[in-house]
Amino acid sequence: MADYTVFIYYEKWKAIDQAHSTYQNLKNQQSWPFRKLIKKDIIDMITGRSKYFSHSQKIFPLIVKNSNFSGMLAWLDSNGTLPSEDVWHVEKTVYTINDLKAWVDNGGTLDPKGKRAKEKEKGKEKDKGIGGSRVHKKGSSNQNPFPDILFQNFAEFVAENFNAKVSLSTVLLVLFSMTDNPDLLNLHARQKHPRTSDERKSVLNGWIKSLSRAIQLKLNDKALELFSDDEKSKAKLLQEDLTSPLALKIDKLADTLNLTPYREDRLRTKLKPISYDAIKGVRLICPPSMQCSTLQCGKHNIAQYTKTRDIPKVTLIEGTTIHENAMVLTGECSKCKTLYMADHETASLPHSTDKTRVYLNNAKFLKVGANLWVDRAFSAAVINGMYSFHASAAAYTEFWNNSFGRKTTRRQIWDAFVQESVRTISSVSQIDFETSDNLDIESLTETAYDILGEEGLIRVADGHECSECTQPYKATADVILDAGLNNNDPAAMANNDEGRQVPPLAVNHINPVPQTEEEIDEEQADNTMAVDHAPVKMVVLDGIVMGPTHCAFENCSSDLNNARGGAFCNFHELDFGRRCRHQPEWRKYIQDHSRSTLSGVRRVLKRPNENIQPWQQPLQRNVQPHDENAEERPKKNYFGPSRFYCVETICAPCGVVIAWTKFVKAESPTNILEFLERVYPTEESRPDYVCIDKACLVLARAISLKKWDSWQKTTRMVVDSYHYINHRVTDFLCRKWCNPAPLDGSAPNLVVKETDKNGREYFKRAFNTQACEHLNSWLGGYDSILKRMKGKNFNWFLHVMIFYHTKLVLEKQQRKQERKRKGLGVESDDDEDEEDGMEI
């Protein structure tokens, strides 16, 4: 018989450990009658110190504490009766303590490079499986494997302890409630195993009872399924009496599943979080349609198109969970030959070899890279992150990689943004987005804006009406002429000039004479809207100075041929792109614009005229007020591209965005008129009031172009309340016709009467004329992102952000209306901007 010397070391180590533990207990109980001992005294009685400290004390505690070495622990406890090769992976007649040390150093084998190791590694790959989840080696030691008992044992426990009619969902709820709470089971097990004299053994402790109560609350009446008919009849169990009996069953199940840190009343190792890798289902990405959707096929079935050997295996991200080796399957209708994928359908065009692709609005997964798919929760989170945090694709990529460890690329995040936004807007617009097959992401972005962008119209805002942007029509004003209020001046504005003297018109201007009540009534009759008694609507216009680059050639706003350093579009690049650039002007341009030179760094880091020295000449710049025409300045060279001047938006007073566009050179009255005519092509579609910071200039321009005859039938133009205060002093036309809330009653639908919480009445502006200013404040957060984008990406990104913003504003309006209907008042976190009224 072989001399298994390793058992001698193991038995001596256990004897020393047990003797020292017994001595400590007797000492703590003051029952030790002899002299005081130390652990070295006990070691000397049993073995030598050298081998104990160099081998036994270093090796055996590791085997006991490490759950991965449980096989070796069982072999040692069996005194060699279990098969040796299954544990050591090498058959020997004698296993020494040095063999055991080498076994531990090799991670649980004496054959790290041999056949056994290869089979073990192959087994790991097999366990990983097709569609299995990624297992991080770094994190595997911080988790316990899922309970791996025989199903027969588990079924016997369920049959003996639960009702015969217990449902699968109830049993799984109890099981996962235990595996999800290893820390609670550790606390419960510790109270079951006292170590000192002042501790008391407690099986029905507060920890296990709390778990029992939580399971009862989740199951409600179904909790009775956890008790047999005999238990219910004998104990006459009621709902409130289930806590302790159920706690005992949970404790018993924990022991059956080995979900306890103790083994044979001996503490082995603390329970760690339970890994679910072993029970995670495989992931197969399939078409969402179960039958062909083309009309001529008559709902024909869809067969698998991909051959088994060609099935691709990809990475799938679901939320924040990463699955490796997910399989992607493609289907085909054998009748019409349409191919069905998880995120799109592809069909051949009649009498052509070209194919068309339809992007599915109901797709559950999206392909965002050659070997990367994501679910809609991930892609929706990309849009939410970019919207809420004004984040670029690069910033979101960095956030994801830092948070979840997967090295996604900026291009994949941008692809997810485009794919998700295309389907979101298509779904709201109730259309199927269709393009040529196999478009690259840049062409897809351009096509998406051409089809879904609708030249800046925000389709989700169609037909919107609410109490903030629509007011009931009033033929007469609530305002009554009162000398005390000083409201007989046509330039007086509600919420601003009650009881105050209105500043007179500047020198060289004629002040309008205050109107009498008869004149006001006559003017109101002349200004009656074309649609009698229809609700009164207002829209607000404004621009923000931002925009992408475009071709530097005069009057050309085409996208650049090369967005990274180019200055011309494809057409003008042929004529001017190859011209010599060795002249002094080119060298000076490079010096002024390069970040690698000192002047370039200063231009990036410093503001103009900041911290200049007395001997330095200040930089002279003419700042253009935003409500005046831009000064045309000829270009000195064509070394760098031009940039769009501003983004102009039309929004309702409640914040809902109706449309947007870009102005190439200036926010001129002519451009504004053309924008309005494009958004409101018919008289029936026009609003009653258009509020612009330069309404007086637009009004004058409309008159000079003979367009006012058409507009005045339906619409009045007013200046917003902020700019009107200054305009009325210098512009007679603005003072007379563009007051946003005249106190003299000449515009009954622009001033309303409200009552404050103290019951006092006051006049209030009917509409929020600063809505676009609030919108521009939000849009400005994207300036650093947008100014670096190509024109095509700029258009789609801005359109998606405005569309998404409008969608959220509409949802917020619906919540407010619902709360108002229920009498709950305004939400506590509502940050709506209302212009305060003044008491009468």
Side-chain angles (χ1 to χ4, degrees), residues 1-112 116 141 144 186 189-190 192-197 199 255 258 260-272:
M1 177 178 178
D3 181 14
Y4 292 91
T5 56
V6 70
F7 294 118
I8 299 175
Y9 286 96
Y10 180 61
E11 293 298 331
K12 288 182 177 181
W13 176 79
K14 286 200 302 182
I16 293 170
D17 192 56
Q18 181 64 35
H20 185 258
S21 177
T22 303
Y23 165 72
Q24 290 292 342
N25 290 336
L26 293 174
K27 179 183 174 183
N28 293 334
Q29 298 171 8
Q30 298 181 352
S31 301
W32 181 253
F34 307 106
R35 69 177 179 86
K36 182 179 179 180
L37 298 176
I38 60 176
K39 191 171 184 178
K40 291 182 180 180
D41 296 330
I42 301 175
I43 295 172
D44 290 338
M45 297 176 191
I46 300 175
T47 187
R49 296 185 190 180
S50 177
K51 280 291 185 180
Y52 178 82
F53 286 111
S54 63
H55 290 79
S56 301
Q57 187 60 16
K58 289 184 178 179
I59 298 174
F60 294 121
L62 287 177
I63 296 175
V64 171
K65 294 179 181 179
N66 195 331
S67 60
N68 294 328
F69 297 159
S70 58
M72 175 58 74
L73 183 63
W75 184 82
L76 290 171
D77 288 333
S78 72
N79 200 24
T81 58
L82 294 177
S84 303
E85 190 177 1
D86 291 345
V87 178
W88 294 89
H89 301 155
V90 170
E91 183 66 34
K92 295 181 65 175
T93 56
V94 176
Y95 295 96
T96 66
I97 192 67
N98 290 326
D99 291 334
L100 185 60
K101 184 176 183 301
W103 185 90
V104 172
D105 292 341
N106 291 333
T109 182
L110 275 184
D111 184 30
R116 283 284 183 176
S141 61
N144 286 134
N186 283 325
R190 181 62 183 82
K192 283 178 60 180
H193 298 83
R195 296 186 60 183
T196 61
S197 58
E199 291 182 342
D255 292 336
N258 294 324
T260 173
Y262 289 84
R263 189 177 303 163
E264 297 179 356
D265 293 331
R266 182 174 179 180
L267 179 62
R268 297 297 184 180
T269 182
K270 178 182 175 182
L271 281 181
K272 300 172 184 176

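Note: hydrogens, waters and symmetry copies are ignored here, and every other heavy atom, side chains too, is used. Because the structure is predicted, anything quoted here is derived from the model rather than measured.
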Quick one: do Leu100 and Ile63 satisfy side-chain contact (heavy atoms from CB on, under 4.5 Å)? Show the steps, please. CA-CA 10 Å; Leu100 185 60; Ile63 296 175; 3.8 Å; yes

In sequence, state the C-alpha distance, the side-chain angles, and the governing distance for Arg195 and Arg190, and then conclude on side-chain contact (heavy atoms from CB on, under 4.5 Å). CA-CA 9 Å; Arg195 296 186 60 183; Arg190 181 62 183 82; 3.6 Å; yes

How close do Pro261 and Leu267 get, heavy atom to heavy atom, and via which atoms? O-CD1, 3.6 Å

Find the distance between OG1 (Thr260) and CG (Asn186) and round it off to the nearest 0.5 Å. 8.0 Å

So do the side chains of Val6 and Asp99 get within less than 4.5 Å of each other, counting heavy atoms only? no

Take Trp103 and Val87 through the side-chain contact (heavy atoms from CB on, under 4.5 Å) test and state the conclusion after the steps. CA-CA 9 Å; Trp103 185 90; Val87 178; 4.2 Å; yes

Is Asp105 paired with Lys101 through a side-chain N to carboxylate O contact shorter than 4.0 Å? yes

Do Lys192 and Asp255 have side chains that get closer than 4.5 Å, going by heavy atoms? yes

Using the side-chain contact (heavy atoms from CB on, under 4.5 Å) rule, pick out the option among Thr109, Asn106, Leu110 that qualifies with His89. Thr109

Tell me if a side-chain donor or acceptor on Tyr52 pairs with a main-chain N or O of Ile43 at a distance below 3.5 Å. no

Please report the C-alpha distance between Asp41 and Lys39 in whole Å, then the side-chain angles of each, then the deciding distance to 0.1 Å, and finally whether the side-chain contact (heavy atoms from CB on, under 4.5 Å) criterion is met. CA-CA 5 Å; Asp41 296 330; Lys39 191 171 184 178; over 6 Å; no

Could you grab the distance from atom CD of Gln24 to atom CH2 of Trp32, nearest 0.5 Å is fine? 11.0 Å

Hey, is Asp77 close enough to Arg263 for a salt bridge, meaning N to O under 4.0 Å? no

Rounded to the nearest 0.5 Å, what separation is found between the OG atom of Ser56 and the NZ atom of Lys58? 11.5 Å

Side chain to side chain, Leu73 and Arg268, heavy atoms closer than 4.5 Å: yes

Within this structure, what is the NE2-CD1 distance for the pair His55 and Ile97, rounded to the nearest 0.5 Å? 6.5 Å

Return the minimal non-hydrogen interatomic distance between Asp265 and His193, and the atom names on each side. OD1-NE2, 3.4 Å

Correct closest heavy-atom pair for Leu62 and Phe69 would be O-CD1, 3.9 Å

Can you tell me if OH on Tyr9 sees more than 12 non-hydrogen neighbours from other groups inside 6.0 Å? no

Residue of the set Tyr10, Phe7, Trp75 for which ring pair (Phe, Tyr, Trp, His ring centres under 6.0 Å) holds with Tyr95: Trp75

Within the side chain of Asp17, is there an N or O that forms a donor-acceptor pair under 3.5 Å with the backbone of Lys14? no

Whether Phe60 and Trp13 hold their rings parallel, tilted or perpendicular, with breakpoints at 30° and 60°: tilted

Quick one: OG1 on Thr96 to CD1 on Ile8, what's the gap to the nearest 0.5 Å? 11.5 Å

Spatial distance of atom CG (Asn98) from atom CD1 (Ile59) [nearest 0.5 Å]: 7.5 Å

